[in-house]
J.: 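Provided herewith is a single structure, encoded as structure tokens, for subsequent inquiry.
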Amino acid sequence: MDFELSDEHRMIQETVRDFCETEIEPIAQEIEEEHRFPAEIFDQLADLDMMGVPISEEYGGLGGDTLMYSLVAEEIGRVSGSVGLSYVAHISLASKPIELFGTEEQKERWLRPLAEGEHMGGWALTEPGSGSDASDMDTTAEKREASDSEQGGVAAEKDGDEWVLNGTKQFITNASEAGSVLVKAVTDPDAGYGGISTFIVDPREDDGFEVTTVWDKMGLNASPTCEIQLENVRLPEDRLLGEEGDGWEQTKKTLDGGRISIAALSTGLAQGAYDHAKEYSQEREQFGQPISEFDAIRDKLVDMHRKIERARLLTHQAATTYDQGEPVTRESALAKLDASEAAREVAEDAVQVLGGYGYTTDFAPQRFYRDAKLMEIGEGTSEIQHLVIGRELGL
Ligand SMILES: Cc1cc2nc3c(=O)[nH]c(=O)nc-3n(C[C@H](O)[C@H](O)[C@H](O)COP(=O)(O)OP(=O)(O)OC[C@H]3O[C@@H](n4cnc5c(N)ncnc54)[C@H](O)[C@@H]3O)c2cc1C
């Protein structure tokens, strides 16, 4: 398989790297400590046309491929896990499904502002009682005629059908900042996987949508992780994404793409941690020589490099497979599993290379270490990736 990067890939990679080093890296620790979502960074990413990299130009995107998008996600991850997580959730979870499954009108109304970076997007699958077993959800969407609603004791004029959503969604990235959230809900409780549908909710306009918690986390605190409550949220029919009952199939396809971006982000986290460790090891002297000259430290850095190269190859393999329109479930799960473990291991080693300084918040490795842990949990835990890969291998 050919992972050759084109001139365009390299140009985008360099542009984003430059931006990340000058604009994001200097504030990465500060926004983490302040638990602040850096809206200004996303505005600047929009100015660079980065908020819709793999979305068609027809709907305001850059029209790039998944490989290009992976390169961008990796570069952002190299400086900030928080910005990276909000970024990939916005693109692969909140935007891509509208491009894949939406009508022309939905793409104009909901995809364009996401791709142009007018606002952020979110994607709500997980619930307090269902995470890995995501289809076992309690959120419901019932169809009611609009005339069901009473206005001042008089039945409102019938103007077509509406969906009414009720439920709680947990750990939803970007929900507090979003202009649209794709919500999964049960539309037919007797139909199993075929009874789940996807709805486009406008958190700012739709009554009954409320962010009830923004979680404090061990890392990634500049990326809001929200609990949301849906209480009698009434939606017109044109908020259904795709066909009724398609929600689970859409989820599987969305996660196939989403896991590639978590793999790319993880590769970036690992690279960022490695870069700091390598530089430090060549400057720090003990016993009269740079610590990089001790076999133990050199071997650690070599192993860190080896893991990053492997994670990147698997990520690019999955991205290229996706771009070729081939089935990608095995490749994306493999890349996600491998790269997320690499990120945690490499970041841990980076803390070790920096010794006591590595344990302080004056140095970046601790942040990469804390951020990397999520990559083994979000979009399917490592245990679930093993299940997915095992199934793909016929085991
Ligand atoms: C920072 C953050 C951001 C997130 N963003 C989003 C988002 O934007 N949208 C969204 O919908 N969700 C999001 N999530 C939710 C995330 O995808 C879930 O947390 C994850 O899928 C795990 O679900 P759970 O937390 O309920 O854990 P559980 O499913 O309860 O799992 C607990 C443990 O049991 C293990 N386990 C469960 N089932 C099995 C099994 N069959 N075999 C072996 N082991 C098993 C798991 O691997 C895990 O170790 C986010 C989570 C976090 C922390």
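Remember, it's a predicted structure, so these values are computed and weren't measured experimentally. Order of listing sets the numbers, starting from 1, for every ligand and every atom in it. All values below come from the heavy atoms of this structure, side chains included, with hydrogens, waters and symmetry mates left out.
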J.: Can a protein heavy atom be found under 4.0 Å away from atom 50 (C) of ligand 1?
T.: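 Answer yes: something from the protein, a heavy atom, is under 4.0 Å.
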
J.: Decide, yes or no, whether a salt bridge links R239 with D206 under the criterion of side-chain N to carboxylate O below 4.0 Å.
T.: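 Here R239 pairs with D206 in a salt bridge, since their nearest N and O are under 4.0 Å apart.
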
J.: Charged N to carboxylate O under 4.0 angstrom, R234 versus E162?
T.: yes

J.: Test ring pair (Phe, Tyr, Trp, His ring centres under 6.0 Å) on Y87 and F42; report intermediate values, then the result.
T.: CA-CA 8 Å; Y87 178 78; F42 288 92; 7.2 Å; no

J.: How about atom 17 (O) of ligand 1: does it have a protein heavy atom within less than 4.0 Å?
T.: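 Yes, because at least one protein heavy atom sits under 4.0 Å from atom 17 (O) of ligand 1.
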
J.: Would one find an N or O of S130, backbone or side chain, under 3.5 Å from an N or O of ligand 1?
T.: no

J.: Is the backbone N or O of E177 less than 3.5 Å from a side-chain atom of N174, with the two atoms forming a donor-acceptor pair by type?
T.: no

J.: Sequence neighbours left out, cut at 3.5 Å: what donor-acceptor pairs do the side chains of residues 188-198 make with other protein atoms?
T.:
residue: D188; atom: OD1; partner: D190; partner atom: N; Å: 3.0
residue: S197; atom: OG; partner: T187; partner atom: OG1; Å: 2.7
residue: S197; atom: OG; partner: G245; partner atom: N; Å: 2.9
residue: T198; atom: OG1; partner: K184; partner atom: NZ; Å: 2.9
residue: T198; atom: OG1; partner: Q250; partner atom: OE1; Å: 2.7

J.: If the threshold is 4.0 Å, N to carboxylate O, is there a salt bridge linking E326 and R330?
T.: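 Result for this pair is no, no salt bridge flagged.
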
J.: For ligand 1, note which part of T126 has a heavy atom under 4.0 Å away: side chain, backbone, both or neither.
T.: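 The part of T126 near ligand 1 is both the backbone and the side chain.
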
J.: Under a 4.0 angstrom heavy-atom cut-off, which atoms of ligand 1 come close to I377?
T.: 20 (C), 21 (O)

J.: With a 4.0 Å cut-off, would you call E75 and R17 a salt bridge?
T.: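 So E75 pairs with R17 through a salt bridge.
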
J.: Can you tell me the protein heavy atom closest to atom 27 (O) of ligand 1 and the distance?
T.: S132 OG, 4.3 Å

J.: Starting from atom 14 (N) of ligand 1, locate the nearest protein heavy atom and write down its residue, its atom name and how far away it is, to 0.1 Å.
T.: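 Here the closest protein heavy atom is F171 O, 3.3 Å.
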
J.: If the threshold is 4.0 Å, N to carboxylate O, is there a salt bridge linking R367 and E32?
T.: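 Judged by the 4.0 Å cut-off on N to carboxylate O distance, R367 and E32 do not form a salt bridge.
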
J.: Starting from atom 53 (C) of ligand 1, locate the nearest protein heavy atom and write down its residue, its atom name and how far away it is, to 0.1 Å.
T.: L374 CD2, 3.4 Å

J.: Quick one: do R344 and E341 make a salt bridge, cutoff under 4.0 Å?
T.: no

J.: Measure T381 to ligand 1 on non-hydrogen atoms and call it side chain, backbone, both or neither using the 4.0 Å cut-off.
T.: side chain

J.: Measure the distance from atom 3 (C) of ligand 1 to every protein heavy atom, then report the residue, atom name and distance (to 0.1 Å) of the closest one.
T.: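 In this structure, atom 3 (C) of ligand 1 has T173 OG1, 3.4 Å as its nearest protein heavy atom.
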
J.: At under 4.0 Å between heavy atoms, is it the side chain or the backbone of E379 that contacts ligand 1, or both, or neither?
T.: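 For E379, only backbone atoms sit under 4.0 Å from ligand 1.
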
J.: Around atom 39 (C) of ligand 1, find the nearest protein heavy atom and jot down its residue, atom name and distance.
T.: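 I find the closest protein heavy atom is I384 CD1, 3.9 Å.
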
J.: Among protein heavy atoms, which sits nearest to atom 9 (N) of ligand 1, and what does the distance come to when rounded to 0.1 Å?
T.: W123 O, 2.8 Å

J.: Salt bridge check, E309 against R306: does any charged N sit closer than 4.0 Å to a carboxylate O?
T.: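 Not counted as a salt bridge, because no side-chain N and carboxylate O are separated by less than 4.0 Å.
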
J.: Below 4.0 Å, non-hydrogen atoms only: which portion of L387 touches ligand 1? Side chain, backbone, both or neither.
T.: side chain

J.: With atoms numbered from 1 as shown, which atoms in ligand 1 lie under 4.0 angstrom from a non-hydrogen atom of E383?
T.: 43 (C), 44 (N), 47 (O), 49 (O)

J.: So which heavy atom in the protein is nearest atom 24 (P) of ligand 1, and how far is it from that ligand atom?
T.: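 Answer, as residue, atom name and distance: G131 CA, 3.9 Å.
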
J.: With backbone taken as N, CA, C and O and side chain as the heavy atoms from C-beta onward, which portion of L125 lies under 4.0 Å from ligand 1: side chain, backbone, both, or neither?
T.: both

J.: Do protein heavy atoms approach atom 31 (O) of ligand 1 to less than 4.0 Å?
T.: yes

J.: Of the non-hydrogen atoms in L111 and S95, which two are nearest, and what is the gap between them?
T.: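 Minimum heavy-atom contact is CD1-O, 3.4 Å.
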
